[in-house]
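Chain A is the first sequence line, chain B the second, and so forth, proteins listed ahead of strands; every chain is numbered from 1. The figures that follow rest on heavy atoms only: side chains count, while hydrogens, waters and symmetry mates do not.
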2 protein chains.
Amino acid sequence: MAAPSSVSAAPTASPLFLREHEVRRGVELLFFGYTRLTRAIDDGLAEHGLGRAHHRALYFIARQPDLTISELLKILAITKQSLGRVLTDLAEKALIETRTGVVDRRQKLLRLTAEGVRFEAQLFDALRTSLAAAYAAAGQESVTGFWRVLEGLIPAEDKAMVIALQKDI
Amino acid sequence: MAAPSSVSAAPTASPLFLREHEVRRGVELLFFGYTRLTRAIDDGLAEHGLGRAHHRALYFIARQPDLTISELLKILAITKQSLGRVLTDLAEKALIETRTGVVDRRQKLLRLTAEGVRFEAQLFDALRTSLAAAYAAAGQESVTGFWRVLEGLIPAEDKAMVIALQKDI
DNA sequence: GAAGATGGGGCAGCCATATTGACGTATCTA
DNA sequence: TAGATACGTCAATATGGCTGCCCCATCTTC
């Protein structure tokens with residue numbers, strides 16, 4: 001955590017001259033933190049024969065009931081083909097259901113079934129356990145910083161989408 | 001970013017009762033932040049016909065020259081088979097080279113070639129641009145919090161490995 | 001010096017998740 | 001009515017993981 005000596009005269013004035021060490025640390029912590037968090041639910045998913053792709057869809061449908069296919073595609077940033085398979089699997093396992101859109105009958109509104117709600121909650125519990133422990137160890141101040149930095153990593157064109165997600169709950 | 005009001009009398013005393021909202025926000029920001037950061041180097045990789053798996057290996061070899069295969073396996077947490085393919089590709093493109101271990105001749109010490117150093121630096125530059133912008137927008141205080149929370153996500157058995165990585169530079 | 005453990009390599013086959021491009025149908029909008 | 005949009009689906013392909021099994025070289029220990 002000690003800052004190595006630097007030739008920079010005014011570190012805060014020229015943030016793009018951040019020392020390599022600080023950037024590498026961020027890259028690595030993001031890699032390990034993300035992979036370890038996602039690993040926390042692999043067992044729960046495997047019990048149902050599902051993978052991480054299924055969880056991502058399940059998660060965002062839980063988060064925004066009556067989401068449309070195209071909205072979910074934007075969030076996940078994968079192709080229609082890839083999402084199609086995932087949704088088919090989830091529907092076959094009766095974890096999600098679709099209804100025809102009311103304002104636009106071309107749309108399909110995605111929702112979790114009661115069983116889907118139960119399952120998503122179970123997976124979410126594993127995530128909460130991990131994240132809550134990290135939050136608690138770091139303290140509220142740190143959590144705020146954690147959010148701020150991550151928000152800065154999201155490109156402007158995606159930011160509205162993320163914020164929209166978070167205004168609901 | 002403002003802490004929502006809470007019924008908890010002593011918020012820091014019962015950290016496991018974190019509101020769902022705060023956990024979901026972390027899950028989502030981690031997802032978007034991680035995927036957007038990694039996307040920053042996809043083009044550079046594609047130019048050389050490489051994927052993210054190659055970058056991960058390249059990155060950690062750059063970080064710890066003379067890393068052994070088994071150390072790299074622990075870091076990446078994939079199988080020998082999977083890593084083997086990746087390393088073969090990198091060697092064929094003359095981005096890495098191996099030498100026989102000196103203290104233990106069974107080991108192979110991994111290093112970047114001059115070209116590998118150049119390429120890794122180019123990819124790193126894209127990561128730095130993204131992360132440095134996020135750091136700068138968030139401020140140094142936030143960066144510290146960002147690190148703290150992520151450190152808390154790493155299970156105890158992996159922590160030594162991550163810390164070992166970061167003491168070098 | 002022999003036995004066993006360890007570091008590394010490799011074969012065969014499989015699975016999950018993503019991609020592209022093209023095309024079809026229902027529905028909405030101008 | 002014409003065109004755009006939302007969704008579904010075909011076929012083919014790539015990437016990056018996995019398991020189980022076996023091999024060799026080298027180190028360690030008895």
> Are Leu123(A) and His48(A) close enough, and set up right, to give a side-chain contact (heavy atoms from CB on, under 4.5 Å), and what steps lead you there?
Replying inline: CA-CA 11 Å; Leu123(A) 294 175; His48(A) 289 244; over 6 Å; no
> Going through the checks in order, is the side-chain contact (heavy atoms from CB on, under 4.5 Å) test met by Leu153(A) and Leu150(A)?
Replying inline: CA-CA 5 Å; Leu153(A) 278 176; Leu150(A) 288 174; 4.1 Å; yes
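Evaluation of the side chain to side chain contact (heavy atoms under 4.5 Å, CB included) rule for Lys93(B) yields Leu50(B), Leu95(B) as partners, not counting sequence neighbours. Thr88(A) is linked by a side chain to side chain contact (heavy atoms under 4.5 Å, CB included) to Glu92(A), counting only residues two or more places apart in sequence or in another chain. Taking Asp158(A) as the reference, Ile154(A), Pro155(A), Met161(A), Arg36(B) meet the side chain to side chain contact (heavy atoms under 4.5 Å, CB included) condition, with sequence neighbours excluded. Residues satisfying the side chain to side chain contact (heavy atoms under 4.5 Å, CB included) test with Arg99(A), not counting sequence neighbours, are Asp66(A), Arg111(A). Listed by chain and residue number, Arg24(B) satisfy the salt bridge (Lys or Arg N to Asp or Glu O under 4.0 Å) test with Glu120(A) (two or more places apart in sequence, or in another chain). Phe32(B) meets the ring-ring contact (aromatic ring centres under 6.0 Å, His included) test with Phe60(A); sequence neighbours excluded. A search for side chain to side chain donor-acceptor pair (under 3.5 Å) contacts involving Thr113(A) returns nothing, not counting sequence neighbours.
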Distances for protein N/O vs nucleotides 20-24 of chain C N/O pairs under 3.5 angstrom?
none

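We find that CG of Leu83(B) is positioned 12 Å from C1' of dG17(D), with the value rounded to whole Å. Rounded to whole Å, the distance from CG on Leu73(A) to P on dA6(D) is 11 Å. Taking atom CG on Leu67(A) and atom P on dA6(D), their separation rounds to 14 Å, with Å as the unit. Atom CD1 of Ile69(A) is separated from atom P of dT9(D) by 10 Å (rounded to the nearest Å). The distance between atom NE2 of His55(A) and atom P of dA18(C), rounded to the nearest whole Å, is 14 Å. In this structure, Lys108(B) places its NZ atom 14 Å from P of dA25(D), rounding to the nearest Å. Taking atom CG on Leu109(B) and atom C1' on dG7(C), their separation rounds to 12 Å, with Å as the unit. Remark: C1' of dA6(D) and CG of Leu72(A) are 14 Å apart, rounded to the nearest angstrom.
If you chain together hydrophobic residues whose side chains sit under 4.5 Å apart, Leu72(B) and Val117(B) fall into the same group.
Side-chain atoms of Phe31(B) and Thr38(A), non-hydrogen and from C-beta on, never get closer than 4.5 Å to each other.
For Gln122(B), the CD atom counts as densely surrounded, since its 6.0 Å shell holds more than 12 non-hydrogen atoms of other residues, nucleotides or ligands. Other residues, nucleotides and ligands contribute more than 12 heavy atoms inside 6.0 Å of the NZ atom of Lys159(B).
Sorted by residue number, the members of residues 33-54 of chain B with any non-hydrogen atom under 4.0 Å from DNA chain D read Gly51(B), Arg52(B), Ala53(B), His54(B). Near DNA chain D, meaning a heavy atom under 4.0 Å from it, residues 88-97 of chain B has no residue at all.
Distance from the side chain of Arg85(A) is smallest to dT17(C) among dT19(C), dC7(D), dT17(C).
Comparing Arg56(A) and Gln107(B), the nucleotide of DNA chain C nearest to each residue sits closer to the 5' end for Gln107(B).
Here Ser70(A) does not reach the OP1 or OP2 of dT5(D): none of its side-chain N or O atoms lies under 4.0 Å away.
Sorted by first and then second residue, the salt bridge (charged side-chain N to carboxylate O under 4.0 Å, His left out) pairs with a member in residues 39-56 of chain A read Asp42(A)-Arg52(A); sequence neighbours excluded.
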>> Can you build the contact string for nucleotides 25-30 of chain C? Use B for base contact, S for sugar-phosphate-only contact, and - for no protein heavy atom under 4.0 Å.
In response: -BBS--
